[in-house]
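Working notes, structure below.
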Amino acid sequence: MEQEQRSLESFLTWAAQLGISDSTSTNQPQHSLSSLGSSLCVSHFPHSGGRGLGAVRDLRRGEIILRVPKSALMTSESVMEDDEKLCVAVNKHSSVSSAQILIVCLLYEMGKGKASRWHPYLVHLPHSYDLLAMFGEFEKHALQVDEAMWVTEKAVLKAKSEWKEAHTLMEDLKFKPQFLTLKAWVWAAATISSRTLHIPWDEAGCLCPVGDLFNYDAPGEEPSDIEDVDYLLSRSSIHVTAVSNGDKNIMIDAEQLDSHSRRLTDGGFEEDANAYCFYARAHYKKGDQVLLCYGTYTNLELLEHYGFLLQENPNDKNFIPLEPAVYSSTSWSKESLYIHHNGKPSFALLAALRLWATPRNKRRSIGHLAYSGSQLSADNEIFIMKWLSKTCDAVLKNLPSSIDEDTLLLNAMDDSQDFFTFMDITKLMSSSSRAEIYTFLEAYNIKDAHSFADILLSRKARRSMDRWKLAVQWRLRYKKVLVDCICFCNEILDSFMK
C-alpha cells in the first residue's frame, strides 16, 4: 500500500509538471508538488466504482474543477510528433482507422518502458478490463439472453479483425513479441474504449491523465436551480447596459451563455483555454465522489465499452421478441420498441402494440390517436397488456435460471473464498443452474476446498469469476425489468376491473 501511494504521488507530481491542475486559480505556480489538492483528491469508493476522485471541499455545480493542457493529452498526434519512425510507418498504412492508430501508439509507448515520456501515466493504467470483447465462451453464455450473447460475440470478432488489420503495421515498427499478441491488442483496445475522451481534431479521442480517474454517472433529468444560474452569471463576463428610458437590463450574449450552459455538465476541450476543462455536474459535499457523465448508455452498452454496469441505470432498456407484424404496423424504429428500466413499455412500443392490435382496415382512421399516446379502446388496451405480460413471462421461463437462483449465486460469489458455500447453493438450484457452476469448477479443475482456494489466487480464474459475476448481474437486472413490466401490465388490467 505504501509503495502504491508513493507511485500515485509521483504520478500526480509528474502531472503537475505538465500543467494539470484542479486549482480554481489560473495563476497556480508552475511545477506544483501535486496536480490535485485544491478541489479533488484520489480516493477509494468500494461500492461505486473503486478508485475515483473525491471532493476535498464543497463544490458547486458548474464550477471548474480540473484543467488538463492540450500538451498533456495523449493522442495519436502527440505521440507521433515525438517519433518520426512511428509517423512514417503509420502514414504508409492508410487503411488503418484512427482508433487502430491510437491503439498502436499506446502499445508503441508501452514497448518503450521507462524511455516513454508517458511512462508515469502508463504504469497507472489498469492491468486488465472486463469489457465484452474480453469475455470467454463461458462468460458469454452466462449472459443467457440472445441479444447480449450476440453483442459479445460481435465485440470479440471485431477485436480480432482489427488486430489482424493492424498487425503488419506493428511488425513494421518491430514490436516486441509480447506487444504483437492478440491479448496485448485487446488490452490496449479496451484502454482506448474505456478511457478516451472526445476531442474535435481526432475521432479516436485522447487519453487524459488524471481526467480519466473520474467514475461514471448516468445522465438523468437536468436539475433547474436558480442558484446555478446566479452562480453562472457571476462567473461570466456579462455586460450590463442602460436602455434609452434609463432602466437597467442585463444583456446576455446568447452564444456565451449557451457555451457556459454546456459546461454545466462535465466539460470538454476548450480552444480558448487550450485545455480539457472539467466542471462539476452537481453540487458536491466534501468527501463526496465527483462523477463524470460519459454519455447515455444501457447496461449492455456499458459492459461493451467500459466493462461495468449500474444496479440502477435510468437509461437501461429491455428488448423482447415481437411479432413481425408489430414492426410493419408502425413507422417507429425497432430501437424505440423497448421496456424502460422501471418496467414501463416505451411510448413507441405502446403505440406500436395498439396499432398492431387494431384491425388493418381501421388503422388509418385512428393512427393519429395511437401516435399521440392515447388508448384506443378498453378492449384494445386489455389485449395488449395481456399479450405483453404473457410475452415477458415466456421470456423469463425460457431462460436457464430464475431471479432467485441468480440472487443466490451472486451471494455466493460475494463470499467466493468459501468453497462449501458454492457447493451448498447448488442444492437449491435447478439442473441448468447447477450445470453452470460445475462448468466453472471443471474449467479450473476445482474438486475440493483446497483446490478452490488455490485456484482463486490465480489471476486468470479471478478475472473469469469477475466477468461471470458481471454477466449474472446483467441478466438478473434484465429479468427484474421483465417482472416489473408484468406488474405494470397487471396494474393496468386491474384498473379496468374496477
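Every heavy atom of this structure was used, including side-chain atoms; hydrogens, water molecules and symmetry mates were not. In this text the structure is predicted, and so the values were computed from the model without any measurement.
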Flag the pair [X] / [Y] as yes when at least one side-chain heavy-atom distance between them is below 4.5 Å, and no otherwise.
| X | Y | answer |
| --- | --- | --- |
| Arg281 | Phe214 | no |
| Ser128 | Met134 | no |
| Leu66 | Leu36 | yes |
| Phe488 | Asn342 | no |
| Ile339 | Leu349 | yes |
| Ile65 | Tyr284 | no |
| Glu304 | Val151 | yes |
| Glu436 | Leu409 | yes |

**Stepwise side-chain contact (heavy atoms from CB on, under 4.5 Å) check, Leu310 with Tyr216** = CA-CA 9 Å; Leu310 301 175; Tyr216 176 77; 3.7 Å; yes

**Request:** Begin with the C-alpha distance, continue with both residues' side-chain angles, and end with the deciding distance and a verdict on side-chain contact (heavy atoms from CB on, under 4.5 Å) for Asn318 and Val145.
**Result:** CA-CA 10 Å; Asn318 270 27; Val145 180; over 6 Å; no

**Taking every non-hydrogen atom, the tightest pair across Ser23 and Arg67** =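 Smallest heavy-atom distance, with atoms named: O-NH1, 3.2 Å.
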
**Request:** Could you walk me through whether Ile103 and Leu107 pass the side-chain contact (heavy atoms from CB on, under 4.5 Å) test, one step at a time?
**Result:** CA-CA 6 Å; Ile103 293 170; Leu107 289 172; 4.3 Å; yes

What orientation do [X] and [Y] show, parallel under 30°, tilted 30 to 60°, or perpendicular over 60°?
| X | Y | value |
| --- | --- | --- |
| Phe138 | Trp468 | perpendicular |
| Trp14 | Trp118 | perpendicular |
| His305 | Tyr297 | tilted |

Is the backbone of [Y] close enough, under 3.5 Å, to the side chain of [X] for a donor and an acceptor to pair up by distance?
| X | Y | answer |
| --- | --- | --- |
| Arg475 | Ala142 | yes |
| Thr181 | Pro177 | no |
| Glu139 | Gly136 | yes |
| Gln100 | Glu162 | yes |
| Asp212 | Thr196 | no |
| Tyr276 | Gly267 | no |
| Asp217 | Leu291 | no |

Do [Y] and [X] meet the salt-bridge criterion of a basic N to acidic O distance under 4.0 Å?
| X | Y | answer |
| --- | --- | --- |
| Arg463 | Asp466 | yes |
| Glu147 | Lys334 | no |
| Lys92 | Asp172 | no |
| Lys479 | Asp406 | yes |

**Asked** Going by distance alone, is a donor N or O of one side chain under 3.5 Å from an acceptor N or O of the other, for Ser401 and Gln144?
**Response**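 Yes, Gln144 and Ser401 have a side-chain donor paired with an acceptor closer than 3.5 Å.
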
**Prompt:** Is there a donor in the side chain of Ser43 and an acceptor in the side chain of Gln289, or the other way round, less than 3.5 Å apart?
**Reply:**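 Side-chain D/A pair, Ser43 to Gln289: absent.
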
State which residues pass side-chain hydrogen bond (donor to acceptor under 3.5 Å, both in side chains) with [X]; sequence neighbours excluded, sorted by chain then number.
| X | result |
| --- | --- |
| Thr439 | none |
| Lys397 | Asp393 |
| His198 | none |

More than 12 heavy atoms from other groups under 6.0 Å of [atom1] on [X]:
| X | atom1 | value |
| --- | --- | --- |
| His44 | NE2 | yes |
| Lys158 | NZ | no |
| Lys112 | NZ | yes |
| Asn91 | CG | yes |

**Message:** Among Asp484, Asn299, Asp316, which residue satisfies the side-chain contact (heavy atoms from CB on, under 4.5 Å) criterion with His341?
**Reply:**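 By the side-chain contact (heavy atoms from CB on, under 4.5 Å) criterion, His341 pairs with just one of Asp484, Asn299, Asp316: Asp316.
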
**Step-by-step side-chain contact (heavy atoms from CB on, under 4.5 Å) determination, Phe278 to Val290** = CA-CA 11 Å; Phe278 297 86; Val290 182; over 6 Å; no

**Message:** Holding to salt bridge (Lys or Arg N to Asp or Glu O under 4.0 Å), I want the full list of residues that pass it with Glu405, two or more places apart in sequence or in another chain.
**Reply:**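 Glu405 satisfies salt bridge (Lys or Arg N to Asp or Glu O under 4.0 Å) with no residue once adjacent residues are dropped.
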
**Message:** Can you list everything that forms a salt bridge (Lys or Arg N to Asp or Glu O under 4.0 Å) with Glu171? Sequence neighbours excluded, please.
**Reply:**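 Result, salt bridge (Lys or Arg N to Asp or Glu O under 4.0 Å) vs Glu171: none returned.
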
**Message:** Under the rule for side-chain contact (heavy atoms from CB on, under 4.5 Å), what residues qualify as partners of Lys317, not counting sequence neighbours?
**Reply:**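 Here the qualifying residues are Thr298, Phe319, Tyr338.
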
**Asked** Does the pair Glu9 and Arg6 meet the rule for a salt bridge (charged side-chain N to carboxylate O under 4.0 Å, His left out), with working shown?
**Response** CA-CA 5 Å; Glu9 290 172 359; Arg6 285 196 298 270; over 6 Å; no

